[in-house]
Amino acid sequence: MERKESGPVLGLESSCDETAAALLAPDGTVLAQRVLSQIADHAAFGGVVPEIAARAHLAALDGLAKDCLREAGLGFADLAAVAATAGPGLIGGLLVGTGYAKGIAAATGATYLAVNHLEAHALTARLPGIAPRAPEFPYLLLLLSGGHSQCVAVEGVGRYRLLGSTLDDAVGEAFDKTAKLLGLPYPGGPALEALAQEGNPAAITLPRPLLHREGCDFSFSGLKTAVAQLVAAQGAGALPRALAADIAASFQAAVADCLEDRVRHALALCPGARALVIAGGVASNRLIRARLEAVAAAMGTCLIAPPVPLCTDNAVMVAWAAIERLRAGFASPLAAPCKPRWPLDAA
Ligand code: KG4
Ligand code: ZN
């Protein structure tokens with residue numbers, strides 16, 4: 001088997017509730033990609049069920065990878081590298097993706113890369129076509145997903161400095177829990193944003209945890225608890241829609257205020273940041289995007305917000321992180337383990 005110096009890279013994502021595959025040319029051109037959401041499989045449970053997720057990844061991954069290869073007119077033997085998310089995430093899904101990738105690498109001689117999911121989010125902004133010019137290092141990453149809320153100084157490929165993270169709930173988790181209290185379906189973020197359009201963001205006074213405190217850690221559980229107490233005080237039965245809309249709008253405004261404040265502090269801790277990059281599902285929220293764009297401009301930098309399908313979990317980001325790592329001289333042994341917990345500053 002001959003090891004290829006350059007060629008297409010297959011990326012696989014299976015760390016949570018999206019099964020995804022993507023095929024990229026060595027310059028980052030996306031040749032084909034597929035994302036299969038498992039939301040319907042988990043909706044009845046109000047959250048991701050790890051065993052259901054792992055089985056769904058196992059059922060879908062091979063088909064998605066082969067669809068990508070077929071669309072690009074390529075076969076496994078053409079791959080220069082195959083990359084899979086190896087953490088952080090749910091162990092069952094990680095084992096499915098990395099096991100599949102290792103099998104291809106062992107059979108074809110392609111290089112294997114174990115990719116950190118957070119690093120993949122962090123480097124997406126440098127994928128050709130996302131920004132007019134790929135941001136150079138260092139830049140500030142604000143990761144806002146269902147599982148993570150972090151401010152990270154991205155200083156180079158494999159060089160990350162964690163500036164702040166959540167002390168309790170992740171921001172997406174706070175959206176989901178608050179949405180549930182308001183009677184909205186899972187996942188709650190998009191539904192809460194839609195309901196907030198009808199409400200008055202100044203109607204209800206809610207706490208802004210850690211506002212103006214030093215550093216850029218986050219805290220959202222107090223905000224969620226305040227909503228829970230408000231809802232409980234209304235007694236049994238469904239909330240009137242107008243009240244639910246006011247709560248949704250007031251909650252969203254409180255989160256936006258907190259994020260704006262935390263980012264101000266984070267940018268101060270990362271002098272010379274060439275850009276503020278946002279990632280994660282919550283980065284698709286329009287109010288939050290607009291507020292962060294304004295903070296970035298006020299602090300002399302610019303916001304890079306990848307298109308929503310690249311902010312949420314996908315495999316293009318995994319393949320792109322692999323390309324960046326290959327260019328930087330990294331590869332992984334086939335014995336590389338999955339790491340359900342894998343902090344970015346240990347990537
Ligand atoms: O990054 P992501 O797709 O998955 C991971 O958590 O890894 O993020 C999903 C999270 C969920 O909590 C969802 O409710 C939230 O992102 N979300 C939103 C919006 N769209 C998705 N939160 C607020 N506003 C939105 N428009
Ligand atoms: Zn993610």
Side-chain angles (χ1 to χ4, degrees), residues 11-20 22 35-39 42-43 46-48 50 53 57 84-90 93-94 97 115-125 141-150 152 165-166 169-182 184-197 199 201 218 220-221 223-224 227 248-249 251-256 258-259 277-292 305-318 320-321 340 342 344 347:
L12 305 167
E13 162 60 38
S14 57
S15 64
C16 189
D17 60 345
E18 266 91 21
T19 317
V35 181
L36 191 69
S37 167
Q38 301 177 359
I39 284 177
H42 302 288
V48 179
H57 290 306
T85 300
L90 300 171
L94 297 175
V115 168
N116 180 306
H117 180 90
L118 306 175
E119 176 173 46
H121 275 304
L123 296 175
T124 303
L141 170 73
L142 180 63
L143 180 60
L144 302 172
S145 74
H148 304 275
S149 303
Q150 299 187 347
V152 179
S165 59
T166 185
D169 291 349
V171 61
E173 195 180 350
F175 266 96
D176 292 339
K177 288 176 176 172
T178 303
K180 197 171 180 180
L181 290 167
L182 300 181
L184 299 171
Y186 172 85
L192 192 149
E193 180 178 13
L195 182 60
Q197 301 296 318
F218 307 89
F220 295 105
S221 74
L223 182 51
K224 170 206 64 195
V227 173
F251 169 84
Q252 191 176 249
V255 172
C258 293
L259 293 178
V277 170
I278 53 174
V282 181
S284 57
N285 183 285
R286 278 161 296 174
L287 175 71
I288 290 172
R289 276 189 184 226
R291 294 282 292 277
L292 295 178
V308 170
L310 292 177
C311 272
T312 51
D313 288 351
N314 66 88
V316 170
M317 69 179 189
V318 178
W320 173 248
W342 189 1
L344 193 45

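We count ligands from 1, going down the list as the structure has it; atoms in each ligand are counted the same way. Numbering starts at 1 and runs along the sequence shown.
- At least one heavy atom of Pro190 lies less than 4.0 angstrom from ligand 1.
- When all heavy atoms of Ala315 and Gly11 are compared, the closest pair comes out as CB-O, 3.4 Å.
- Here the shortest heavy-atom pairing between Pro306 and Cys311 reads O-SG, 3.3 Å.
- Remark: side-chain polar atoms of Ser149 are paired, donor with acceptor, to backbone N or O of Val171 under 3.5 angstrom.
- Every atom of ligand 1 with a heavy atom of Thr312 under 4.0 Å away is listed here by number and element: 3 (O).
- For ligand 1, the polar-atom distance check finds no N/O of Glu18 at less than 3.5 Å from any of the ligand's N/O atoms.
- Put simply, the side chain of Thr85 never gets that close to the backbone of Glu13: no donor and acceptor are under 3.5 Å apart.
- Between Arg289 and Ala283, the shortest heavy-atom distance links the atoms NE-O, 2.6 Å.
- Remark: minimum distance from atom 15 (C) of ligand 1 to any protein heavy atom is reached at Val282 CG2, 3.8 Å.
- Between Leu12 and Val318, the closest heavy-atom pair is O-CG1, 3.6 Å.
- Put simply, the residue from Thr124, Val152, Leu141 that forms a side-chain contact (heavy atoms from CB on, under 4.5 Å) with Val277 is Leu141.
- The N/O atoms of His117, backbone and side chain alike, include none that comes under 3.5 Å of an N/O atom in ligand 1.
- Note that CD1 of Ile278 and CD1 of Ile288 are 8.5 Å apart. Values are rounded to the nearest 0.5 Å.
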Show which side-chain atoms of residues 187-197 pair as donor or acceptor with protein atoms under 3.5 Å away, not counting sequence neighbours.
from, atom 1, to, atom 2, distance (Å)
Glu193, OE2, Arg286, N, 2.8
Glu193, OE2, Arg286, NE, 3.1

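- The ligand atoms of ligand 1 that sit less than 4.0 angstrom from a heavy atom of Asp313 are 1 (O), 3 (O), 4 (O), 5 (C), 7 (O).
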> Could you go step by step and tell me if Val48 and Tyr186 meet the side chain to side chain contact (heavy atoms under 4.5 Å, CB included) rule?
Replying inline: CA-CA 10 Å; Val48 179; Tyr186 172 85; 3.6 Å; yes
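- Of the candidates Gly281, Pro309, Pro187, it is Gly281 that places a heavy atom closest to atom 1 (O) of ligand 1.
- Side-chain atoms of Trp320 come within 3.5 Å of backbone atoms of Leu123 as a donor-acceptor pair (strictly under, hydrogens ignored).
- Contact between Ser145 and Ala170 at its shortest, heavy atoms only, is O-CB, 3.8 Å.
- Ring-centre distance between Phe220 and Phe175: not below the 6.0 Å cut-off.
- Note: no N/O pair closer than 3.5 Å links Phe175 and ligand 1 by distance alone.
- Taking every non-hydrogen atom of Gly146 and a distance limit under 4.0 Å, the qualifying atoms of ligand 1 come out as 5 (C), 6 (O), 8 (O), 9 (C), 10 (C), 12 (O).
- The Zn ion (ligand 2) has His117 NE2, His121 NE2, Asp313 OD1 as its protein N, O or S neighbours under 2.8 Å.
- Those atoms of ligand 1 with a heavy atom of Ser284 less than 4.0 angstrom away are 19 (C), 20 (N), 25 (C), 26 (N).
- For ligand 1, the atoms lying closer than 4.0 Å to a non-hydrogen atom of Gly172 are 12 (O).
- With hydrogens left out, the protein atom closest to atom 26 (N) of ligand 1 is Glu193 OE1, 2.7 Å, a heavy atom.
- With hydrogens left out, the protein atom closest to atom 18 (C) of ligand 1 is Gly189 CA, 3.5 Å, a heavy atom.
- Below 4.0 Å from some heavy atom of Asp176 lie the following atoms of ligand 1, by number and element: 11 (C), 12 (O), 13 (C), 14 (O).
- Residue-to-ligand polar distances keep Gly280 apart from ligand 1: every N/O pair is separated by 3.5 Å or more.
- The backbone N or O of Ser14 lies less than 3.5 Å from no partner atom in the side chain of His117, so there is not a single donor-acceptor pair.
- When only non-hydrogen protein atoms are considered, atom 24 (N) of ligand 1 lies nearest to Asn285 ND2, 3.1 Å.
- Remark: ligand 1 atoms within the under-4.0 Å shell around heavy atoms of Gly147 are 6 (O).
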